[in-house]
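First up is the structure itself, then whatever we jot down about it.
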Amino acid sequence: MKLEAPAKINLYLEVLGRREDGFHELVTVLQTIDLVDDLEVALRPKTAGAPAGQADIDFRLDRESLVGADVPADERNLAVRAARDWLAAAGRLDSHGVDLALLKRIPSGAGLGGGSSDAAAVLTALDTLASGGPELQPLAAALGSDVPFFLVGGTALCLGRGEHVTPIEQPACFELMLGLPDFGVPTPSVYAALDAPTLRTQPNPREHARHWATRLAQADVDALESIYRNDLEPPARTLHAPLDDLLESPAVHLSGSGSTLFLFGSAEQDSGFVCAPSSMRRIRHRSKNR
Ligand code: C5P
């Protein structure tokens, strides 16, 4: 089965506080875009002689030029972990194996959710190929905070640590420019540098979903601009001087914990990307609907 695993940007990211388990409680709105990884997934009988109780996964990884060498080509890759977790949860570790071929276009450490999207696509493919199986949401949430969103895609409000996903009506398709610096940013370092309060309030999911559905229904690029917020920008700027310089321009935004920067619209000329360092790639994309 062939499928595409899209990248995301955060249209809004508010940190409500640090939780007792060390994660942060979020209100975030995620949007898939048309920068995609390509995946091929096959569910087949387990190879004769393969060790019992262990996942039999054949993984082939190709990388396009934007992607650095730091995408793991072994069982540390989130796509492989998703296949292993699905086989285990489906009770098929000793009967079945999985072939995965992944063409990476989404850079890692970029705040674009590439690894999480690959993992969700693997879960979705295996569920389809097996005509059902274990519930995907808990498997996805155990793999990472953004993985449940990618089971749904489009535009969604994500609460909790990001795993409680409510799809919302999508704004009209819009263009955006991505700026991809030649360095990645590890997400935990940005959260660690964030001066977040201890959590006191819990959001009301229904109220928030209604609020966001209303705001996004009519949103054009200007409206998206006025809605945009990202509480991870200050710590990311403190940690990475080149991001700090680029984010001086009010039109330039950070996706998630970075390092990807983006602008709504495609008017590169008027933007902070004009003075971007030559090490940063600029690519034009569109939002991608479900
Ligand atoms: O869930 P995921 O593995 O994507 O998270 C990566 C890291 O980001 C976590 O280990 C944690 O440090 C941080 N994080 C957080 N609060 C969230 C999501 C992620 O503190 N809601």
Side-chain angles (χ1 to χ4, degrees), residues 5-32 37 70-72 74-86 104 106-124 136-153 156-166 183-205 208-209 212 229-240 243 254-260:
K8 60 83 179 165
I9 57 165
N10 297 71
L11 297 178
Y12 183 90
L13 194 164
E14 181 181 354
V15 179
L16 296 179
R18 197 194 311 275
R19 313 192 318 192
E20 287 190 349
D21 64 4
F23 280 90
H24 293 78
E25 191 79 7
L26 305 180
V27 176
T28 185
V29 177
L30 299 183
Q31 169 72 57
T32 42
D37 288 341
D70 51 348
V71 178
D74 56 23
E75 67 284 349
R76 289 168 302 155
N77 192 293
L78 217 53
V80 179
R81 286 169 48 196
R84 185 195 61 200
D85 290 1
W86 186 90
K104 279 302 296 174
I106 308 170
S108 65
L112 291 170
S116 300
S117 186
D118 298 340
V122 168
L123 295 178
T124 303
L136 299 187
Q137 203 282 343
L139 285 178
L143 285 160
S145 304
D146 285 346
V147 182
F149 162 70
F150 286 107
L151 294 175
V152 180
L157 170 73
C158 303
L159 301 176
R161 62 183 170 86
E163 84 280 32
H164 297 303
V165 180
T166 308
F183 59 88
V185 173
T187 302
S189 67
V190 177
Y191 276 103
L194 174 77
D195 193 14
T198 310
L199 185 66
R200 281 198 208 91
T201 48
Q202 297 279 358
N204 175 330
H208 270 277
W212 278 100
R229 164 178 177 159
N230 185 350
D231 289 353
L232 297 181
E233 268 187 21
R237 292 179 72 157
T238 310
L239 290 173
H240 301 278
L243 290 182
L254 186 72
S255 182
S257 56
S259 60
T260 298

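Counting starts at 1 for both ligands and their atoms, in listed order.
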Checklist entry - To the nearest 0.5 Å, what is the distance between CG (L78) and OG (S108)? => result 12.0 Å

Checklist entry - R18 and T198: side chain to side chain donor-acceptor pair (under 3.5 Å), yes or no, with the steps? => result CA-CA 5 Å; R18 197 194 311 275; T198 310; over 6 Å; no

Checklist entry - ligand 1 and D146, any nitrogen or oxygen pair closer than 3.5 angstrom? => result no

Checklist entry - For ligand 1, which atoms, with element, lie under 4.0 Å from some heavy atom of S145? => result 1 (O), 2 (P), 4 (O), 18 (C)

Next on the checklist: Within a 6.0 Å radius of atom CG on D21, are there more than 12 heavy atoms belonging to other residues, nucleotides or ligands?
Outcome noted: yes

Checklist entry - Which ligand 1 atoms are under 4.0 Å away from a heavy-atom of R161? => result 1 (O), 17 (C), 18 (C), 21 (N)

Checklist entry - Do any N/O atoms on T187 end up under 3.5 angstrom from N/O atoms on ligand 1? => result no

Checklist outcome for this item: Per-atom filter on ligand 1: closer than 4.0 angstrom to a heavy atom of P188 are 7 (C), 12 (O)

Checklist entry - What are the atoms of ligand 1, with element, lying closer than 4.0 Å to any heavy atom of G22? => result 20 (O)

Checklist entry - Does Y191 approach ligand 1 within less than 4.0 angstrom via side chain, backbone, both or neither, non-hydrogen atoms only? => result side chain

Checklist outcome for this item: Atoms of ligand 1 under 4.0 Å from any heavy atom of H24, numbered from 1 in the order shown, are 15 (C), 16 (N), 17 (C), 20 (O), 21 (N)

Next on the checklist: Is any side-chain heavy atom of L123 closer than 4.5 Å to one of L143?
Outcome noted: yes

Next on the checklist: Within ligand 1, which atoms have a heavy atom of G144 less than 4.0 Å away?
Outcome noted: 1 (O)

Checklist outcome for this item: re atom 5 (O) of ligand 1, the protein heavy-atom contact at minimum distance is F23 CE2, 4.1 Å

Item to check | Inter-residue atom distance I106.CD1 - D37.CG, 0.5 Å rounding | outcome: 3.5 Å

Checklist entry - Rounded to the nearest 0.5 Å, how far does CG of D231 lie from CG of L16? => result 8.5 Å

Item to check | Under 3.5 Å side-chain donor-acceptor pair for T260 and S255 | outcome: no

Item to check | L26 neighbourhood, listing ligand 1 atoms whose heavy-atom distance to it stays under 4.0 Å | outcome: 21 (N)

Checklist entry - Do the side chains of L11 and L30 get nearer than 4.5 Å, heavy atoms only? => result no

